[in-house]
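Any value given below was found using the heavy atoms of this structure, including those in side chains, with hydrogens, waters and symmetry copies removed.
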There are 2 protein chains.
Amino acid sequence: MPTPAKTSQAALAAIARELVEASGPDALTVGAVAQRAGIKPPSLYKHFVDRSALLKAVEIDVLHELEAHLRRETKGADHKSRLKAMARAYRRFGTTAPNRYRVIYSGNAFIDPEIREACLYSAQPLFEELRAAGIAEQRILPVSRTLVPFLHGFVIMEIGSAFNLGGDIEEAFETGLETILAGV
Amino acid sequence: MPTPAKTSQAALAAIARELVEASGPDALTVGAVAQRAGIKPPSLYKHFVDRSALLKAVEIDVLHELEAHLRRETKGADHKSRLKAMARAYRRFGTTAPNRYRVIYSGNAFIDPEIREACLYSAQPLFEELRAAGIAEQRILPVSRTLVPFLHGFVIMEIGSAFNLGGDIEEAFETGLETILAGV
DNA sequence: AATTCATGTAGCCATGATAGCTATATACAT
DNA sequence: ATGTATATAGCTATCATGGCTACATGAATT
């Protein structure tokens with residue numbers, strides 16, 4: 001090893017995540033990360049090729065956390081209540097930390113193989129639950145592509161204050177969830 | 001009038017929109033807009049207070065266009081087929097111009113009264129169609145909050161290449177739409 | 001002539017990024 | 001053991017771009 005390292009890729013990624021969570025993606029500047037890590041901005045480029053690589057690391061990190069969250073929070077007697085619990089956990093994941101959630105599906109970076117993989121990984125809990133519920137294999141994809149868009153759209157709109165016509169948002173979520181699960 | 005104006009707020013907004021549509025929000029720079037309008041960057045600040053005001057103008061413009069698009073493309077014999085046509089038109093609006101669509105619900109700028117208003121305006125066609133379909137007034141909000149999040153989430157995921165497990169995306173959309181409308 | 005206001009010039013600051021140098025821990029040959 | 005080569009984390013310096021401000025300019029209305 002040359003010149004003792006003051007920081008590491010993992011430490012820098014953690015700092016980047018904190019910045020994004022606290023103040024959104026725009027707060028993730030090379031300078032801010034470097035400063036918090038006790039190094040100068042140019043030195044950061046020895047660990048990440050550019051700013052977008054930092055953001056990518058954050059996104060992958062968040063997707064892994066989502067996967068763990070969905071596994072942890074899924075309880076219930078029957079399959080339907082477990083699916084509901086998972087959906088509610090998904091929404092909670094987004095609403096409790098909006099800036100953290102917003103990095104998911106942001107941009108069209110899904111051509112990136114690493115993000116693709118992390119994305120797939122985060123979808124596994126739902127796939128497994130649908131299989132366990134006895135959904136036919138060829139219906140799992142269409143069903144996921146009904147439920148996940150609803151969840152994502154709902155969370156994005158909710159944390160963006162797009163539901164501004166009053167009414168009970170909890171109730172709306174339950175109604176939507178019930179409607180979709182009824183068709184499953 | 002002093003010094004004849006070389007450009008106008010409307011012209012600048014139109015240029016801004018073209019830039020966003022062509023290359024995404026990051027392409028909307030004060031310099032690029034000014035150059036295309038034949039003025040220098042600082043002069044632009046006499047028409048818009050800052051860059052975000054330009055972006056806001058674009059967002060409002062897009063929402064109005066969405067409203068018009070939904071009204072124009074909605075045909076069908078019965079109410080259900082009209083709702084389906086509207087949903088398909090919504091998706092087409094997003095997929096035919098991804099960068100244009102992405103400005104919708106981006107950020108949490110919905111506290112802004114003008115964006116709120118434009119957002120509401122764009123939702124009118126759906127509300128009217130739901131009312132015409134005989135949906136009870138108190139169910140219109142929950143139903144909208146099931147359908148619109150699904151549509152938004154689906155479009156965002158589709159234009160972000162997030163459906164990367166193969167399968168027929170058209171079919172998935174139709175399945176989801178059918179599932180949701182069945183519960184209406 | 002005075003006023004008004006869109007435009008222009010000049011410049012500041014933040015940020016992303018690169019070039020090239022320095023310093024040091026390890027590997028290996030002597 | 002000792003010295004040399006190498007790899008690499010960090011640094012200073014520098015550049016380009018972009019948002020934005022202060023202030024001057026100049027044409028048209030009054």
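B/Leu55 meets the side chain to side chain contact (heavy atoms under 4.5 Å, CB included) test with B/Val20, B/Leu28, B/Arg51; sequence neighbours excluded.
Checked for salt-bridge contact, A/Glu65 and A/Arg72 miss the test: no charged N lies under 4.0 Å from a carboxylate O. Looking at B/Glu170 and B/Arg88, no side-chain N of the basic residue comes within less than 4.0 Å of a carboxylate O on the acidic one, giving no salt bridge. In summary, B/Arg91 and B/Glu174 do not engage in a salt bridge, as defined by a charged side-chain N under 4.0 Å from a carboxylate O.
Atoms NZ (A/Lys40) and P (C/dA17) sit 19 Å apart, rounded to a whole Å. B/Gln35 places its CD atom 12 Å from the P atom of C/dG8, with the value rounded to the nearest Å. For B/Leu19 and D/dG19, the CG to P distance is 11 Å, given to the nearest whole Å. One atom, CD1 of B/Ile39, and another, P of C/dT9, lie 12 Å apart when rounded to the nearest Å. Atom CG of A/Leu44 and atom P of D/dA9 are 12 Å apart (whole Å). Rounded to whole Å, the distance from CZ on B/Phe48 to P on D/dC20 is 13 Å. Between A/Asp50 atom CG and C/dA17 atom P the separation is 5 Å, expressed in whole Å.
Within the structure, the side-chain hydrogen bond (donor to acceptor under 3.5 Å, both in side chains) test picks out no pair touching residues 23-38 of chain B (sequence neighbours left out). Listed by first and then second residue, the ring pair (Phe, Tyr, Trp, His ring centres under 6.0 Å) pairs involving residues 131-162 of chain B are B/Tyr101-B/His152, B/Tyr105-B/His152, B/Phe150-B/Phe154, B/Phe150-B/Phe173, B/Phe154-B/Phe163, B/Phe154-B/Phe173 (not counting sequence neighbours). Within the structure, no pair that satisfies the ring pair (Phe, Tyr, Trp, His ring centres under 6.0 Å) test touches residues 11-43 of chain A, not counting sequence neighbours.
Nearest heavy-atom pair across B/Leu130 and B/Ser144 is CD1-OG, 3.5 Å.
Put simply, OH on A/Tyr45 and CD1 on A/Ile39 are 11.0 Å apart, with the number rounded to the nearest 0.5 Å.
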Taking only nitrogen or oxygen atoms into account, show me every contact under 3.5 Å that the protein makes with nucleotides 20-23 of chain C, one pair per line with its distance.
from	atom 1	to	atom 2	distance (Å)
C/dA23	N3	A/Thr3	OG1	2.6

Between protein and nucleic acid, restricted to nucleotides 11-15 of chain C and to nitrogen or oxygen atoms under 3.5 Å apart, what atom pairs and distances do you find?
none

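Taking side-chain N and O atoms only, B/Ser43 has no distance below 4.0 Å to OP1 or OP2 of C/dA6.
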